[in-house]
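Values in this document were obtained by computation on a predicted structure and should not be read as measured data.
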Amino acid sequence: SSDLATQASKIANLPLPHDAVVFKQAGLLQPQTLAEHILSSPLIKYRQAFVDQLQAKQQQWQLLDKEQQEIICADHVMICAARHSHLITANLPKLRVIRGQVSWMPVKHNPLACPISYGGYAAPMTLADGSQGLILGASFVRGSDELGVRLEEHQHNLQLLQTTSPELANQLPPIEQWQGRAGIRAHSEDSLPLIGQVADMPQVWTLCGLGSKGFSYSPLCAEIIFV
């Protein structure tokens with residue numbers, strides 16, 4: 001292997017067959033923990049409701065439920081409802097859906113010192129019972145919005161890992177013992193995010209269509225809107 005592959009292998013604590021780029025300031029996020037931290041801000045008042053319609057009212061916008069009752073009336077509205085954004089207003093396009101399944105499993109000894117990306121990805125994780133685990137991702141099934149866990153997509157994630165680290169793949173328990181979760185990515189036609197003011201709707205904005213790059217795109221897109 002090349003010097004770059006050797007250096008990457010030392011950092012990951014795992015033999016890697018290819019050259020690699022090391023992002024020294026990158027990290028692994030736990031989405032639920034991050035969301036809870038953001039919502040803990042005293043500047044945010046969080047509430048859940050089903051929004052059926054957005055309707056102009058004088059210089060403001062009404063958010064209405066299925067019974068056409070007002071949920072809130074606001075000066076500014078930001079639509080960030082992923083693949084459902086077009087249901088709030090016809091001025092937004094319907095986004096393409098792409099299913100993605102991640103897989104995780106317990107490991108007796110987790111050799112990975114950091115996450116690795118190789119077309120798929122693998123990262124160390126702590127399981128619900130506090131034991132060591134490994135998470136693998138992710139499948140890419142166009143046009144599917146089903147959320148059930150599929151054995152064949154566990155197999156897909158395993159095959160991706162085998163191309164980069166057969167050694168690590170061989171340490172994993174049988175696929176039948178794996179757990180998983182599926183989510184639905186929302187993609188625009190050109191796979192770039194939709195960001196900015198919604199056409200013909202003053203003070204209504206959107207940020208959607210982030211696809212599989214939500215954590216990469218969202219801080220940059222937020223700056224475009226608010227800075």
Side-chain angles (χ1 to χ4, degrees), residues 1-35 82-83 96-187 191 209-218:
S1 61
S2 71
D3 289 342
L4 286 175
T6 300
Q7 292 174 26
S9 298
K10 289 180 179 179
I11 293 170
N13 193 36
L14 188 74
L16 299 173
H18 308 295
D19 291 349
V21 176
V22 178
F23 297 93
K24 293 183 178 180
Q25 293 181 307
L28 183 67
L29 285 171
Q30 292 184 321
Q32 185 65 34
T33 302
L34 177 63
R83 61 191 173 111
R96 295 182 294 126
V97 295
I98 302 178
R99 170 190 160 93
Q101 179 176 305
V102 297
S103 310
W104 63 88
M105 69 295 298
V107 290
K108 293 181 179 179
H109 170 66
N110 198 339
L112 264 186
C114 65
I116 57 174
S117 177
Y118 43 83
Y121 59 83
M125 68 177 296
T126 301
L127 300 178
D129 62 2
S131 63
Q132 293 186 82
L134 189 73
I135 185 167
L136 306 177
S139 61
F140 204 84
V141 184
R142 298 179 186 275
S144 175
D145 60 1
E146 296 179 358
L147 294 174
V149 176
R150 299 173 179 172
L151 193 64
E152 61 266 28
E153 289 177 49
H154 281 330
Q155 184 67 44
H156 168 84
N157 293 338
L158 176 61
Q159 289 172 345
L160 288 176
L161 178 62
Q162 288 170 332
T163 63
T164 294
S165 180
E167 177 181 308
L168 180 56
N170 290 336
Q171 296 179 33
L172 303 181
I175 280 183
E176 291 75 16
Q177 298 177 20
W178 292 15
Q179 297 183 65
R181 178 185 62 80
I184 308 301
R185 310 176 183 96
H187 281 251
S191 295
L210 302 180
S212 58
K213 302 179 179 65
F215 283 114
S216 300
Y217 279 152
S218 53

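Salt bridge Arg99/Asp145: absent, no basic N to carboxylate O contact under 4.0 Å.
With rounding to the nearest 0.5 Å, the separation of CD1 in Ile116 from OG in Ser165 is 6.0 Å. Gln32 contributes atom CD, which lies 13.0 Å from atom CG of Leu29 (distance to the nearest 0.5 angstrom). Distance CD/Gln179 to CD/Gln177: 10.5 Å, rounded to 0.5 Å. Here Leu210 contributes atom CG and Ser216 contributes atom OG; the two are 10.0 Å apart, rounded to the nearest 0.5 Å. Here Trp104 contributes atom CH2 and His154 contributes atom NE2; the two are 8.0 Å apart, rounded to the nearest 0.5 Å. To the nearest 0.5 Å, atoms CG (Asn110) and CD (Gln171) are separated by 8.5 Å.
With contacts defined as side-chain heavy-atom distances shorter than 4.5 Å, the pair Leu172/Leu136 qualifies. By the 4.5 Å heavy-atom criterion applied to side chains, Leu4 and Val21 are not counted as neighbours. The shortest distance between side-chain heavy atoms of Gln132 and Pro106 does not fall below 4.5 Å. Side-chain contact between Leu16 and Tyr118: absent, with no pair of heavy atoms (C-beta onward) separated by less than 4.5 Å. The shortest distance between side-chain heavy atoms of Pro111 and Leu168 falls below 4.5 Å. Side-chain contact between Arg150 and Ser144 is present, with heavy atoms from C-beta onward closer than 4.5 Å. Using a 4.5 Å heavy-atom threshold, the side chains of Leu14 and Glu167 count as touching. Between Leu134 and Met105, some side-chain heavy-atom pair lies under the 4.5 Å cut-off.
Nearest heavy-atom pair across Pro124 and Pro115 is CD-N, 4.2 Å. Taking both residues in full, the closest heavy atoms of Ala186 and Ala82 are given as CB-C, 3.9 Å, listed atom of the first, atom of the second, then distance. Nearest heavy-atom pair across Leu28 and Ala123 is CD2-CB, 3.8 Å. Heavy-atom minimum distance, Gln101 versus Ser139: N-OG, 2.7 Å. For the residue pair Ser103 and Trp178, the shortest heavy atom distance occurs at CB-CE3, 3.6 Å. Listed here is the closest heavy atom pair of His156 and Ala138: NE2-O, 3.7 Å.
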key: Working for side chain to side chain contact (heavy atoms under 4.5 Å, CB included), residues Cys114 and Ile11   = CA-CA 8 Å; Cys114 65; Ile11 293 170; 4.2 Å; yes
key: Candidate pair Val149 and Arg181, rule side chain to side chain contact (heavy atoms under 4.5 Å, CB included), full reasoning   = CA-CA 6 Å; Val149 176; Arg181 178 185 62 80; 5.5 Å; no
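Of the possible polar contacts, one joining the Thr163 side chain to the Leu160 backbone as a donor-acceptor pair under 3.5 Å is found. The backbone N or O of Leu127 sits nowhere less than 3.5 Å from a side-chain atom of Ser131 that would complete a donor-acceptor pair.
The number of heavy atoms from other shown groups lying within 6.0 Å of CD (Gln159) is above 12.
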